[in-house]
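If you're wondering where the values come from, they're calculated on a predicted model, not measured in any experiment. Every chain is numbered from 1, with letters handed out A, B, ... down the list of sequences.
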Amino acid sequence: MQEIEPTRYDFSSAEPRWQAEWEKAGCFAAPDVPTGGKPKYYVLEMFPYPSGKIHMGHVRNYTLGDVVARYKRAKGFDVLHPMGWDAFGLPAENAARENNASPAEWTYANIANMRAQLKRMGFSLDWSREFATCDASYYGQQQQLFLDFWKAGLVERRESYVNWDPVDMTVLANEQVIDGRGWRSGAVVEKKKLSQWFLKITDFAPDLLDGLKTLERWPERVKLMQENWIGFSQGAEVRFDLAAPVGGIGDVTVYTTRPDTLFGMSFLAIAPEHPVAKAVAEGNAGAAAFIAECASQGTSEAAIEAAEKKGFDTGLEVINPFTGERYPVWIANFVLMEYGTGAIFGCPCGDQRDLEFARKYGLSVPVVVAHADDDVSEIGAKAFDGEGVIVNSGFLTGLPTGKAKEAAIARLEELGVGKAVTNWRLRDWGISRQRYWGCPIPVIHCEACGPQPVPADALPVTLPNDVSFDKPGNPLDHHPSWRHVACPACGAAARRETDTFDTFIDSSWYFARFTAPQAATPTMAAAVNHWLPVDQYVGGIEHAILHLLYARFFTRAMHKTGHVAVDEPFAGLFTQGMVTHESYKDEQGAWLYPDEVSKQGELAVHRVTGKPVSVGRVEKMSKSKRNTVDPTLIIERFGADTARWFVLSDNPPERDVEWTEAGVQGSYRFVLRLAKLVEQIGAEGTPEAVEIYGSEAKKLRQLAHRTIAAVTEAMESFTFNVAVAKLYELANAIGGLNGEGADGRAARFEAAEIIAHLVAPMMPHLAEHLFARLCPGAGLIAANPWPEPDPALLVVDEVTMAVQVNGKLRATMIVPAGRGAEANIAQAMEAVSTLLAGQTIVKQIHVPDRIVNFVVKPS
RNA sequence: GCGGGUGUGGCGGAAUGGUAGACGCACCGGACUUAAAAUCCGUUGGAGCUUUGCUCUGUGGGGGUUCGAGUCCCCCCACCCGCACCA
């Protein structure tokens with residue numbers, strides 16, 4: 001007969017049981033407007049894109065947030081912890097094209113699947129607030145926000161460049177441009193100008209920069225990245241007259257941060273899209289060809305900057321207002337039309353990029369800046385862009401660079417050819433997307449009246465479901481009836497805007513909507529102003545700039561239009577590292593999921609076809625590269641608590657982690673070991689009160705209370721891996737104490753109860769199981785307060801001190817804590833007496849409770 | 001290219017300028033078992049030696065500050081993230 005282990009913890013029945021108990025007790029539901037008077041705490045993780053399955057990145061992200069939410073709840077806060085879906089985006093359209101699926105059906109099916117998986121993880125979420133950004137009840141309110149922004153002057157329509165695939169007749173995302181070609185058609189991508197909607201984020205540039213200073217609980221590096229992105233710079237605009245006008249243009253204005261180096265000019269360079277470049281191209285086939293070549297570079301800044309620096313000499317010349325000399329005008333592929341004025345003056349001695357350009361095309365390299373101490377008269381392979389003294393520069397010669405800037409600007413203004421200018425790298429936010437699966441832009445174009453807002457009573461403008469992806473381009477353009485509508489102003493036949501919003505808009509205000517997801521307006525004042533800002537936001541570092549900056553901007557715009565009362569949406573931010581994994585491609589170069597791949601030693605083959613698979617590098621898990629791992633298998637085999645414990649224990653949360661299955665077994669062993677340990681202790685019954693503890697029992701009590709302090713500290717500082725280590729130590733110590741006396745039993749019981757509380761944020765199901773065994777009738781641990789350490793038990797009475805000679809460890813000694821220098825030095829001297837023999841002590845260093853160091857030399 | 005980060009045993013990592021390697025994984029040894037699994041106990045950075053222990057060495061590389069550096073400063077290398085239409 002098979003023997004059954006009676007004490008083995010069965011997660012597969014326990015976890016759903018406790019999830020049901022929490023739901024029954026309503027532990028995690030928060031009201032829109034709480035009245036209990038408790039302090040509020042809003043915990044939010046970046047909501048997921050419903051790709052269909054949760055992956056380890058989600059498990060990590062939501063476990064981190066859940067630890068905070070459960071901990072804060074135990075610390076007596078009203079916690080808001082919602083969940084929803086960032087549900088618009090390209091993958092649904094791709095799925096529609098590939099599998100002939102409806103984007104809406106595909107998306108909602110994915111959501112249903114992922115919701116079940118998240119619920120199985122036991123997160124303390126308030127599911128009553130759930131929404132998807134593709135719900136008309138959400139994006140309709142978003143359309144309302146857009147119209148309010150428009151009224152407030154934050155919306156503009158203007159032209160900008162996109163990646164155009166001339167074969168598929170469609171706009172491509174940067175990630176769809178591979179080596180300058182369309183991912184599907186393989187056609188060379190062109191830059192094309194389209195009329196698009198923009199949000200005027202630059203109106204808030206100074207405020208977005210200043211606001212960073214108030215974000216004390218944001219990582220410094222994220223603030224620094226945002227600061228650089230906003231890119232405040234002070235410089236000058238300088239007008240250069242053309243020696244001969246071209247196409248009716250008589251001058252070119254450049255933006256420069258280095259007006260002090262104007263005497264070091266070697267050439268003037270303009271962007272390929274610059275009006276002068278276009279004028280030149282009219283009568284110059286070479287110029288036209290060069291501009292066309294640049295147009296195939298793609299629109300991304302990375303592509304432009306990483307491309308080989310190339311130029312085309314237009315044959316035009318400009319006159320430098322300071323030197324009176326003539327300089328050649330080049331069209332250069334690294335000059336950006338979007339930044340500054342789309343034209344620069346090249347000063348090779350002070351700018352590395354200019355220097356490389358000058359060397360490549362044999363242009364002059366005048367030296368105008370010298371290091372403070374020595375005067376360098378020749379420039380080698382490196383430009384000098386630091387502070388120095390201006391040389392060979394007429395009236396600026398001899399001035400330090402800072403003063404020279406001021407003097408140069410003053411002279412430019414005097415001559416009427418330039419002025420000081422503040423410039424921002426930040427550009428306005430282009431929000432038009434020529435795509436179907438997004439929020440329709442609520443605008444009607446009328447030939448007579450121009451673009452008109454959709455009237456409030458006609459909102460939401462909903463996406464039609466009966467669309468076809470047979471033809472290339474945006475299905476909204478091909479829909480037989482959707483776009484035909486009467487002009488709200490004059491009633492004439494007009495057409496709907498068929499572009500949809502950038503999906504970054506969807507994620508720019510969802511945190512506000514969560515506070516009152518049913519409200520008939522975008523936000524409800526009492527709720528949104530109670531809960532915002534989010535106290536702890538948790539998400540990937542890959543969102544450090546765009547998503548977080550857009551959300552900060554949106555909050556300001558919503559403040560301006562009366563929808564919220566704050567400017568900063570996220571008071572605290574934690575950026576977790578990414579989960580990485582090997583990536584796989586088949587012979588055709590298509591990405592494969594890890595579970596499609598079978599590895600036999602070094603060789604990898606396709607599980608079904610048996611064809612060879614190339615193993616790529618370890619990189620960020622992403623749906624586009626399909627190198628994701630399905631955590632449901634882990635949950636089935638080991639349970640949610642094991643999965644949660646593992647993602648917390650293996651790595652500091654801010655660091656990247658490579659997912660491997662090794663170690664999960666270890667976490668599972670700990671779950672079983674803890675359950676067994678507490679089972680034994682519970683079986684001993686509630687211990688009697690004890691007055692005097694023996695030294696072993698006292699040591700365990702001290703460790704247990706030190707562990708409370710250490711785990712509490714780890715909770716506050718997001719070092720959950722350290723908390724895990726401390727809990728292992730405590731569990732080992734409880735198991736190690738085999739004292740049979742009443743004091744031993746009492747200490748063990750107390751420590752077991754403490755450990756149940758301390759693991760609760762991380763392994764909530766097991767914690768309930770342990771707590772119910774130890775303290776039946778005390779309710780759910782999810783509804784119990786966090787333990788407080790007894791200060792008397794935190795006092796340390798003995799310490800181990802290091803004894804060093806000349807900084808090298810030679811001995812250790814156990815001494816009473818807090819003992820003075822004299823006694824410690826005397827004992828240390830004794831401990832290393834043989835090493836001190838024949839030496840003269842030059843210096844003694846005593847650090848209380850830590851170290852004694854003798855600095856010696858031979859006598 | 002520009003901006004931001006990371007680098008410590010076989011692996012993940014710990015360490016207010018003060019005993020580097022806590023804790024976990026893996027490995028090895030032992031106990032239990034007819035056997036295996038599970039469980040429990042113990043060892044483990046490297047090199048060397050006269051091996052109950054001792055010495056040297058060691059935190060990506062090279063310099064520096066300090067009585068003392070994984071930690072602070074300078075230079076370099078490798079890898080990762082972002083770069084505005086992936087989310």
Would you tabulate the nitrogen or oxygen pairs shorter than 3.5 Å linking the protein to nucleotides 17-23 of chain B?
residue : atom : partner : partner atom : Å
B:rG18  : O2'  : A:R850  : NE           : 3.4
B:rU19  : O4   : A:T800  : O            : 3.2

Enumerate all atom pairs, one protein N or O and one N or O from nucleotides 47-56 of chain B, separated by less than 3.5 Å.
residue : atom : partner : partner atom : Å
B:rC56  : OP2  : A:R810  : NH1          : 3.3

Short N/O separations, protein against nucleotides 5-9 of chain B, under 3.5 angstrom:
residue : atom : partner : partner atom : Å
B:rG5   : O2'  : A:R221  : NH1          : 3.4
B:rG7   : OP1  : A:R655  : NH1          : 3.4
B:rG7   : OP1  : A:R655  : NH2          : 3.3

Sub-3.5 Å pairs of nitrogen or oxygen atoms, protein against nucleotides 28-30 of chain B:
none

Contact list (N/O, under 3.5 angstrom) for nucleotides 42-46 of chain B vs protein:
none

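Contact check for A:Y138 versus A:W509: side-chain heavy atoms found under the 4.5 Å cut-off. A:D641 places none of its side-chain heavy atoms less than 4.5 Å from the side chain of A:F11.
At the phosphate of B:rC40, OP1 or OP2 sits under 4.0 Å from a side-chain N or O atom of A:R673.
In this structure A:E159 satisfies the side chain to side chain donor-acceptor pair (under 3.5 Å) test with no other residue, sequence neighbours excluded. For A:V335, the side-chain contact (heavy atoms from CB on, under 4.5 Å) criterion is met by A:A269, A:A271, A:A332, A:I344, not counting sequence neighbours. With sequence neighbours left out, A:F670 forms a ring-ring contact (aromatic ring centres under 6.0 Å, His included) with A:W645, A:Y728.
Within 4.0 Å (heavy atoms only), A:Q176 reaches no atom of the nucleic acid at all. Among the atoms of the strands shown, only primed sugar atoms or phosphate atoms (P, OP1, OP2) are found under 4.0 Å from some heavy atom of A:R669. Here A:H547 lies out of heavy-atom contact (under 4.0 Å) with every strand. Among the protein residues, A:A544 comes within range of no part of the nucleic acid, since none of its heavy atoms lies under 4.0 Å from any strand. At the heavy-atom level, A:E308 lies nowhere under 4.0 Å from the strands shown. At the heavy-atom level, A:F504 lies under 4.0 Å from base atoms of the strands shown.
A perpendicular orientation is assigned to the rings of A:H543 and A:H547, their planes being inclined by more than 60° (bins at 30° and 60°).
Considering only the side chain of A:S300, B:rA84 comes nearest among B:rC85, B:rA84, B:rC67. For A:N651, counting side-chain heavy atoms from C-beta on, the closest listed nucleotide (B:rG13, B:rG4, B:rC86) is B:rG13. Of the candidates B:rC85, B:rA84, B:rG1, B:rC85 carries the atom nearest the A:Q434 side chain, counting heavy atoms from C-beta on.
Taking atom CG of residue A:L548 and atom P of nucleotide B:rC83, one finds them 13 Å apart after rounding to whole Å. Atoms CD (A:Q196) and P (B:rC85) sit 9 Å apart, rounded to a whole Å. Atom pair A:Q839:CD and B:rC67:P shows a separation of 18 Å (rounding to whole Å applied). Between A:L546 atom CG and B:rC85 atom C1' there is a gap of 11 Å when expressed in whole angstrom units. In this structure, A:L674 atom CG and B:rU39 atom C1' are separated by 16 Å, rounded to whole Å. Straight-line distance from the CZ atom of A:F357 to the C1' atom of B:rG1: 15 Å, rounded to whole Å. Going from atom CD of A:E175 over to atom P of B:rC81 covers 14 Å, rounded to whole Å. If you take CD1 of A:I505 and P of B:rA87, they are 12 Å apart, rounded to a whole angstrom.
The backbone N or O of A:S507 sits nowhere less than 3.5 Å from a side-chain atom of A:Y550 that would complete a donor-acceptor pair. Checked by atom type and distance alone, the side chain of A:N333 pairs as donor or acceptor with a backbone atom of A:E308 at under 3.5 Å. Side-chain N or O atoms of A:D428 include one that pairs as donor or acceptor with a backbone N or O of A:T202 at under 3.5 Å.
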Q) So what does the secondary structure string of RNA chain B come out as, 5' to 3', with Watson-Crick or wobble pairs under 3.5 angstrom, [ ] for crossing and | for pairs with another strand? A) (((((((..(((.....[....)))(.((((.......)))).)(((((...)))))..(((((..]....))))))))))))....

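Taking the ring centroids of A:Y139 and A:F501, they lie at or beyond the 6.0 Å cut-off.
RNA chain B lies under 4.0 Å from at least one heavy atom of each of the following residues of residues 424-432 of chain A: A:R425, A:L426, A:R427, A:G430, A:S432.
Taking the syn range as angles within 90° of 0, the glycosidic angle of B:rU71 is outside it, so the base is anti. Annotated as syn: B:rG9, whose glycosidic dihedral is within 90° of 0.
Nucleotides B:rA14 and B:rC85, compared at atom C1', are 43 Å apart to the nearest Å. Between B:rG45 and B:rG1, the distance separating the two P atoms is 41 Å to the nearest Å. When the C1' atom is used for both B:rG17 and B:rU59, the distance is 15 Å, rounded to whole Å.
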**Q.** Step-by-step ring-ring contact (aromatic ring centres under 6.0 Å, His included) determination, A:F232 to A:W424
**A.** CA-CA 5 Å; A:F232 172 78; A:W424 303 85; 5.0 Å; yes

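With respect to the salt-bridge test (charged N to carboxylate O, under 4.0 angstrom), the residues A:K193 and A:E273 do not qualify. Checked for salt-bridge contact, A:E93 and A:R97 meet the test: a charged N lies under 4.0 Å from a carboxylate O.
Heavy-atom nearest nucleotides on RNA chain B were determined for A:I545 and for A:P652, and the one closer to the 5' end corresponds to A:P652. Taking for each of A:G666 and A:N806 the nucleotide of RNA chain B with the nearest heavy atom, the 5'-most of the two is the partner of A:G666.
Listed by first and then second residue, the side chain to side chain donor-acceptor pair (under 3.5 Å) pairs that reach into residues 841-858 of chain A are A:N824-A:H846, sequence neighbours excluded. The salt bridge (Lys or Arg N to Asp or Glu O under 4.0 Å) analysis of residues 714-736 of chain A, with sequence neighbours excluded, yields the pairs A:K72-A:E716.
Between A:Q576 and A:N61, the side chains place a donor N or O and an acceptor N or O closer than 3.5 Å (distance only, hydrogens not considered). Side-chain atoms of A:R552 and A:Q226 form a donor-acceptor pair, as typed in the model, at a separation below 3.5 Å. A donor atom on one side chain and an acceptor atom on the other are not found under 3.5 Å apart for A:T498 and A:Y436. One side chain, A:W429 or A:D502, offers a donor N or O that lies under 3.5 Å from an acceptor on the other. A donor-acceptor contact closer than 3.5 angstrom is absent between the side chains of A:D165 and A:T170. A donor and an acceptor atom, one from each side chain of A:N163 and A:N174, are located under 3.5 Å apart. Using modelled atom types and a 3.5 Å distance limit, the side chains of A:E156 and A:Q196 yield no donor-acceptor pair.
With hydrogens and angles ignored, no donor-acceptor pair under 3.5 angstrom links the side chain of A:Q844 to the base of B:rC67.
Both tests hold for A:R158 against A:F198: distance to the six-membered ring centre under 6.0 Å, angle to the ring axis within 45°.
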